[in-house]
Amino acid sequence: MINKKRLTHLKQLEAESIHILREVAAEFSNPVMMYSVGKDSSVMLHLAMKAFAPSKLPFPLLHVDTLWKFKEMIEFRDKRAKDLGFELIVHSNPDGIEMGISPFTHGSKVHTDVMKTEALKQALNAGGYDAIIGGARRDEEKSRAKERVFSFRDTNHRWDPKNQRPELWNVYNTAIQKGESVRVFPISNWTELDIWQYIYLENIEIPSLYFAKEQDVVEYEGTKIMVDDKRMPESLRKTSKKEMVRFRTLGCYPLTGAINSSATTLPEIIKEMLLSTSSEREGRLIDKDQEGAMELKKIEGYF
Amino acid sequence: MDIINYLKEHENKDMLRFLTCGSVDDGKSTLIGRMLYDSKMIFDDQLSAAESESKKYGTTGEKIDMALLVDGLQSEREQGITIDVAYRFFATENRKFIIADTPGHEQYTRNMVTGASTADVAIILIDARKGILTQTRRHSFIVNLLGIEHVIIAINKMDLVDFSQEVFESITHSYEELANELGIKKRYYIPVSALDGDNVVDTSEHTPWYKGKTLLALLDSMDISKEVKEESFRFPVQYVNRPNLDFRGFCGTIAAGSLKVGDEITVLPSGKATKVKSIINAGDISEANRELTCKEAFAPMAITITTEDEIDISRGDMLVHTSSMPRVSNALKVMLVWMDEKPMQLTRSYDIKRATSVISGSFDHINYKIDVNTYKREQVQELELNDIASCKMTLTRPIAADIYGDNRLTGSFIVVDRLSNNTVGAGMIVDVARRESDKSQEKNIFNIWNDKKQFLDGTNVKRTFKERQVVFLKMGKNIGIESDGKGKEFLRPVLVYKKFNNEQFLGFAMTSQKKEGKFYYKLSEDSYVILSQIKTYSSKRISHSIKRVSEKTLMRVHEKFMHLITPS
């Protein structure tokens, strides 16, 4: 009998991701999954539910809340936790809260360093996690293209891009010493299009901010941002106008650019994406700080 | 096209992973950049970033440097070389592609091996002006070693030889010889110019004599599915899922073959057999229905299996069809690629991770090291970074092993240093040592029994014991528990005569029937030591101890036994 069965690319990607998630659960004693509420996180959560069914997730989800996320993201997060019954850990940097860090007054670099990178380190140190599952994809940015699926971090959470462990076949080296950890990226080989197609195919819930709606937006540092609350300086808020917009990525509202769009359904979003001429991270102000910014951030411990 | 129809079509896309082999000067990054660029998957803003960076590091004058689109890390960009392995993605109407982009220099052999390990297809770049070089031989060797069956030979920089058909054919001819020497199964030749895009995505008007497909058209259409006879089912158990007492599922990714509900399966290396009760295909589970089962599953699906019998199955075990079992052994012949700065030391213990099992093992002998450029074999005592050698590997426990050529996922392993935790090597199983019993053409009954015995002796319980004890032993074959006709455990009392170590002792069998003469020693009215029935026993057999005789008694037994065995 000739056996020529092949899985479609999405089913192959899905199987690979499930394999990686199970490997984490089997090999590490204290894993955690990063949850950012965005579409990639939604896909990861969906894959994890599949990997361990009919059991509940064998690890908690960790959300680093910079306190500047869109309101809807927080509501969505809490509802998902309730509906799916996973353990949710939320952490915000108390020092940053005390200092009153704001992207508007301190700028994106300080805000990201304190409320994101530093907060993440605090949460990871507090939890003592030996494996941290993240939703980064290799197609997002050039320095990610070289990162391993199981990416080793020293006791200071640092990445050494020049000294990575070889990674062959689907055999992952999970050996670490106490205090060290591994960042695991189950959706490394997915592209943005794969993510959207999968969300469409599997009917995965995502925040409505991804869909075009009429919102109050202002022009800020060359990007269109949404007025999500009153912490936006009044001088800026005064300039707001209503526009049909949606978001290609979700993060801190003052740092996340909106795009004009009329796409209100998944197929329309995908169509727009296919025809679009700018890549996903364009909307994120964080990468524009300097050339090779992501590589430096990663070395310092940012995902 | 209507977006809904478009999505429907694209749901059924296939996936192909390929590796590009070449050095800086061959235009490898340029070729990849060209494919990404021309297939319209490079977004505008990445492109505009590349334009400003070209001015800083670029090497192509005013044109956009395609290589900058793909070279990853900042430090590497400054050096103008690609080190490490980078993965790139693009898609066409039919396929999603994953490119493993690896450096070609000899000092990066390990990176190329890494990239090749997951690739279905390899593209070997040859500079048309230079023809087959030492590096071409090296790349071809590694590609073949890692089991890549389809090799595309892209003869690049055709613009610099005036798109000469003669040059193309001469290189094609020489490469055929090389491919035959190595045994590369399928090869495809294409004349290209990556810099200008000839025959990469669009057919070149400069090569009217070339009637074949462009590089992208070939990648898009080539048939990579293996036409093999029903593959043997292999399932490395990855994770045991036990949410409650009613459910015990064995999770994993099917490495080869297919499985149906009701199939007879064997757990290796224990040898226990059972039947498949249900299969849960993780891919089919929706949030609403978290326990969907299916009738059949095939590689590379991620599934969960439940079994008819409650037998012991854990991570690292392999489930196979009882009708098609692999060899089980701890002695393997392997091709080893050394990936660490620190040389490989013979007989040192390393952790060997094969599929989901981690077992310590060592390399006891280097049969030969192979020169990747000349293919000559050398005798060496240690292996250094990037060395490739045939070795004998011994594991501390047996595994169910396949030959790499038959199964990439169950025939491969990584070597982890137990101190540094680094991945220091990667290997491919090329032969599994036959047990002595397999060697004779006609298996006799003893050999069959010997085969069974390996699986039956499953107990790991350690019993402590002392000399002079009378212990009850499980007798019979090498079976953990032996039943007599009444279904009870068949136990026999034995006197511990001489303890060799914690595992073994010399003992006399005993009987309760009254016996007299030089062969017997009377302990009490209903217990007699049979001096002629002395033998070495394993402590695994011990069930329990009933009493201990005095030193004086043991000395009398000893004297009578010595007398018995003294030649007359």
Side-chain angles (χ1 to χ4, degrees), chain A residues 1-12 14-15 18-19 22-23 25-26 46 49-56 84 138-139 142-143 145-146 161 164-171 173 175-177 188-189 191 193-194 197 200-202 267-268 270-271 276-279 282 291-292 295, chain B residues 3-4 7 10-15 43-46 53 72-74 84-89 91 96 98 110 114 117-118 225 227-231 238-239 241 243 247 251 253 258 280 282-283 285 287 290-291 298 300-302 315 339 351 353 355 408-409 412-414 416 421-423 426:
Chain A
M1 188 183 140
I2 304 292
N3 184 6
K4 283 184 93 169
K5 285 176 197 157
R6 280 184 70 83
L7 290 179
T8 65
H9 77 293
L10 285 176
K11 285 289 160 190
Q12 284 189 53
E14 179 190 63
I18 289 172
H19 178 84
R22 286 171 171 171
E23 200 65 9
H46 185 79
M49 297 296 288
K50 285 187 170 202
F52 303 104
S55 292
K56 289 194 168 181
L84 298 177
R138 285 170 173 159
D139 79 325
K142 278 191 270 186
S143 76
K146 302 202 173 197
Q164 300 193 76
R165 294 173 175 177
E167 197 162 72
L168 298 100
W169 300 289
N170 65 353
V171 188
N173 180 356
I176 53 166
Q177 303 283 346
S188 285
N189 288 328
T191 61
L193 178 59
D194 297 329
Q197 261 186 322
Y200 176 62
L201 203 66
E202 298 275 313
E268 281 167 4
I270 297 172
K271 189 176 176 185
S276 91
T277 53
S278 57
S279 82
E282 185 198 44
E291 183 196 324
E295 184 180 339
Chain B
I3 184 69
I4 306 278
L7 287 172
H10 283 250
E11 277 164 23
N12 297 316
K13 250 189 244 179
D14 192 2
M15 189 153 86
F43 298 128
D44 267 11
D45 70 345
Q46 282 179 1
E53 283 171 31
L73 303 178
Q74 211 175 10
D84 216 297
V85 190
Y87 295 90
R88 327 266 172 208
F89 308 86
K96 173 195 168 100
I98 301 180
R110 64 170 164 171
T114 301
S117 71
T118 50
S225 56
E227 289 190 35
V228 288
K229 279 176 255 144
E230 188 73 6
E231 278 184 302
Q238 193 183 12
Y239 180 78
N241 193 345
F247 185 90
C251 306
T253 306
S258 59
I280 302 167
I285 304 165
E287 250 173 52
R290 295 182 54 196
E291 284 176 75
F298 57 91
M301 287 180 183
R315 176 175 162 87
M339 300 184 151
D351 276 343
K353 184 167 184 185
R408 252 178 154 178
L409 297 180
S412 58
F413 59 88
I414 60 168
V416 179
N421 285 333
N422 280 335
T423 304

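Model, not experiment: these values are computed from the prediction. Below, read A as the first sequence line, B as the second, and so on, with proteins coming before strands; counting in each chain starts at 1. Quick note: numbers below take in every heavy atom, side chains included, and nothing from hydrogens, waters or symmetry partners.
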Thr114(B) OG1 to Glu167(A) CD distance, which is reported to the nearest 0.5 Å: 9.0 Å

Chain B interface, residue from Ala15(A), Ala175(A), Ala25(A) that has the most non-hydrogen pairs under 4.5 Å: Ala175(A)

Nearest-0.5 Å distance that lies between atom NZ in Lys13(B) and atom CD in Gln12(A): 13.0 Å

Quiz item: cation-pi between Arg22(A) and Tyr239(B), 6.0 Å / 45°: no

Top contributor to chain A interface from Ser412(B), Ala302(B), Ala426(B) [non-hydrogen pairs under 4.5 Å]: Ser412(B)

Atom pair CE/OG1 of Met15(B) and Thr8(A) - distance to nearest 0.5 Å: 9.0 Å

Residue selection (most heavy-atom pairs with chain A, distance under 4.5 Å) from Asp351(B), Ile414(B), Thr118(B), Ile4(B): Ile414(B)

Side-chain heavy atoms of Lys353(B) within contact of Asn173(A), under 4.5 Å: no

pair Asn189(A)-Phe89(B): side-chain heavy atoms closer than 4.5 Å: yes

Non-neighbouring partners of Ser117(B) that pass side-chain contact (heavy atoms from CB on, under 4.5 Å), sequence neighbours left out: Leu168(A), Trp169(A), Leu146(B)

Distance, nearest 0.5 Å, that separates CG of Leu10(A) from CG of Asn12(B): 9.5 Å

Region of Glu14(A) in contact with chain B, defined by heavy-atom distances below 4.5 Å: side chain

Sub-4.5 Å side-chain heavy-atom contact between Leu193(A) and Lys96(B): no

Residues that Asn170(A) engages under side chain to side chain donor-acceptor pair (under 3.5 Å), provided they are two or more places apart: none

Contact leader toward chain A among Asn241(B), Thr253(B), Val416(B), where contacts are heavy-atom pairs under 4.5 Å: Asn241(B)

Check: Tyr87(B) and Ser188(A) side chains under 4.5 Å, non-hydrogen atoms: no

Short side-chain to backbone donor-acceptor contact, Gln238(B) and Ala26(A), under 3.5 Å: no

Separation of Lys11(A) NZ from Met301(B) CE (nearest 0.5 Å): 8.5 Å

